[in-house]
Amino acid sequence: MISRLDITDKALSVVNELEEKYGPLMFYQAGGCCEGTQPQCFEKGGFFPRMNDVLLGHIKEYEFWVDRDLFEYWQYSHFTLDVLDGFGPGGFSLETPLGKTFKIHYRLFTPEELENLEPVKRNDA
């Protein structure tokens, strides 16, 4: 199965640092508003996905949720979590005090990849 999600080494280093400080984590990428489409990192249980939001995959063992409308737009794309120096549009994500901001790089799946994608799970709560 083809994964829908990956992480850069630089972002993985930040995730490891956050994990050491906060314990289990989770990620959520909204479809707009205050934080734009910047992926957010929270302590596990620090954010509750909405009905029909999509569990895109995992960063390490941590869930990476995507807003249901954002997923409809990007469903044919591979997500790669990266990190940049500086502050994003907000300050809710755990990497902000480190002077970092998470970012997603997108690329379209090839026709061959589309035939063998990992299934997604929708939040039914």
Side-chain angles (χ1 to χ4, degrees):
M1 303 296 300
I2 303 296
S3 173
R4 295 174 176 268
L5 179 64
D6 203 356
I7 185 169
T8 66
D9 290 339
K10 189 173 175 184
L12 183 58
S13 176
V14 172
V15 169
N16 289 337
E17 186 176 348
L18 295 174
E19 176 184 46
E20 189 174 303
K21 183 172 184 177
Y22 297 103
L25 306 169
M26 67 171 295
F27 295 85
Y28 185 79
Q29 187 168 351
C33 187
C34 304
E35 297 297 315
T37 56
Q38 174 188 358
Q40 302 286 299
C41 180
F42 301 99
E43 292 179 62
K44 184 177 175 133
F47 184 88
F48 297 98
R50 300 172 309 151
M51 179 76 101
N52 288 321
D53 281 349
V54 175
L55 178 59
L56 189 71
H58 292 80
I59 298 295
K60 297 180 77 168
E61 67 269 22
Y62 306 125
E63 295 177 343
F64 190 104
W65 289 89
V66 176
D67 172 85
R68 60 188 173 229
D69 296 326
L70 183 71
F71 178 75
E72 292 307 316
Y73 187 79
W74 289 106
Q75 66 182 307
Y76 302 109
S77 299
H78 181 271
F79 288 49
T80 300
L81 183 66
D82 198 1
V83 69
L84 305 171
D85 291 329
F87 296 102
F92 300 116
S93 193
L94 293 176
E95 81 282 0
T96 301
L98 303 175
K100 308 281 185 195
T101 187
F102 285 119
K103 174 182 176 37
I104 291 290
H105 299 286
Y106 304 96
R107 72 163 176 83
L108 292 175
F109 287 114
T110 66
E112 296 78 25
E113 289 173 322
L114 286 171
E115 293 178 12
N116 200 27
L117 285 178
E118 283 184 340
V120 296
K121 175 187 168 195
R122 294 204 179 250
N123 190 25
D124 58 6

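Just so it is clear, the model here is predicted, and its values are computed rather than measured.
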- Check step by step if salt bridge (Lys or Arg N to Asp or Glu O under 4.0 Å) holds for K100 and D85. CA-CA 5 Å; K100 308 281 185 195; D85 291 329; 2.5 Å; yes
- Task: Go through the steps for E95 and K21 under the test salt bridge (Lys or Arg N to Asp or Glu O under 4.0 Å), then give the verdict.
- Result: CA-CA 11 Å; E95 81 282 0; K21 183 172 184 177; over 6 Å; no
- Item | Stepwise side chain to side chain contact (heavy atoms under 4.5 Å, CB included) check, Q29 with Q40 | CA-CA 6 Å; Q29 187 168 351; Q40 302 286 299; over 6 Å; no
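Checked by atom type and distance alone, the side chain of E20 never pairs as donor or acceptor with a backbone atom of E17 at under 3.5 Å.
Looking only at side-chain heavy atoms (C-beta outward), V83 and V15 stay at 4.5 Å or farther from each other. In this structure, K44 and E61 have side chains that are not in contact, with every pair of non-hydrogen atoms separated by 4.5 Å or more. F27 places a side-chain heavy atom less than 4.5 Å from the side chain of F102.
Across C41 and L18, no two heavy atoms sit closer than the pair SG-CD1, 3.9 Å. Contact detail for E43 and M26: the closest heavy-atom pair is O-CG, 3.7 Å. Taking every heavy atom of both residues into account, F47 and P49 meet most closely at O-CD, 3.6 Å. Pairing each heavy atom of L81 with each of P39, the nearest pair is CD1-CG, 3.8 Å. Heavy-atom minimum distance, D6 versus H78: CB-CE1, 3.4 Å.
Both L98 and I59 are assigned to one and the same hydrophobic cluster, defined by single-linkage of ILVMFWY side chains at heavy-atom distances under 4.5 Å. By the criterion of side-chain heavy atoms lying less than 4.5 angstrom apart, applied directly or through intervening Ile, Leu, Val, Met, Phe, Trp or Tyr residues, Y76 is not grouped with Y106; the two fall into different hydrophobic clusters. Under a hydrophobic clustering in which Ile, Leu, Val, Met, Phe, Trp and Tyr are joined whenever their side-chain heavy atoms come within less than 4.5 Å, directly or via other members, L12 and L84 fall into different clusters. Connection of L117 to L108 is not established within any shared hydrophobic cluster, with ILVMFWY side chains joined at heavy-atom distances below 4.5 Å, either directly or through further cluster members. There is no path of hydrophobic side-chain contacts, each under 4.5 Å, that joins F48 to Y28.
The line from CZ of F64 to CZ of F79 is 6.5 Å long, rounded to the nearest 0.5 Å. In this structure, R50 CZ and R68 CZ are separated by 3.5 Å, a value rounded to the nearest 0.5 Å. Y62 contributes atom OH, which lies 11.0 Å from atom CD1 of I7 (distance to the nearest 0.5 angstrom). Atom CG of L5 sits about 5.5 Å away from atom CG of L56, to the nearest 0.5 Å. Once rounded to the nearest 0.5 Å, the distance linking CZ of F109 with CZ of R4 reads 5.5 Å. Rounding to the nearest 0.5 angstrom, the gap separating the OG1 atom in T80 from the CD1 atom in I104 is 7.5 Å.
Side-chain contact of S93 with Q38: a donor-acceptor pair under 3.5 Å is absent, judged by distance alone.
Within a 6.0 Å sphere centred on NZ of K60, other residues, nucleotides and ligands contribute more than 12 heavy atoms. The neighbour count for Y22 OH, taken as heavy atoms of other residues, nucleotides or ligands under 6.0 Å away, is above 12.
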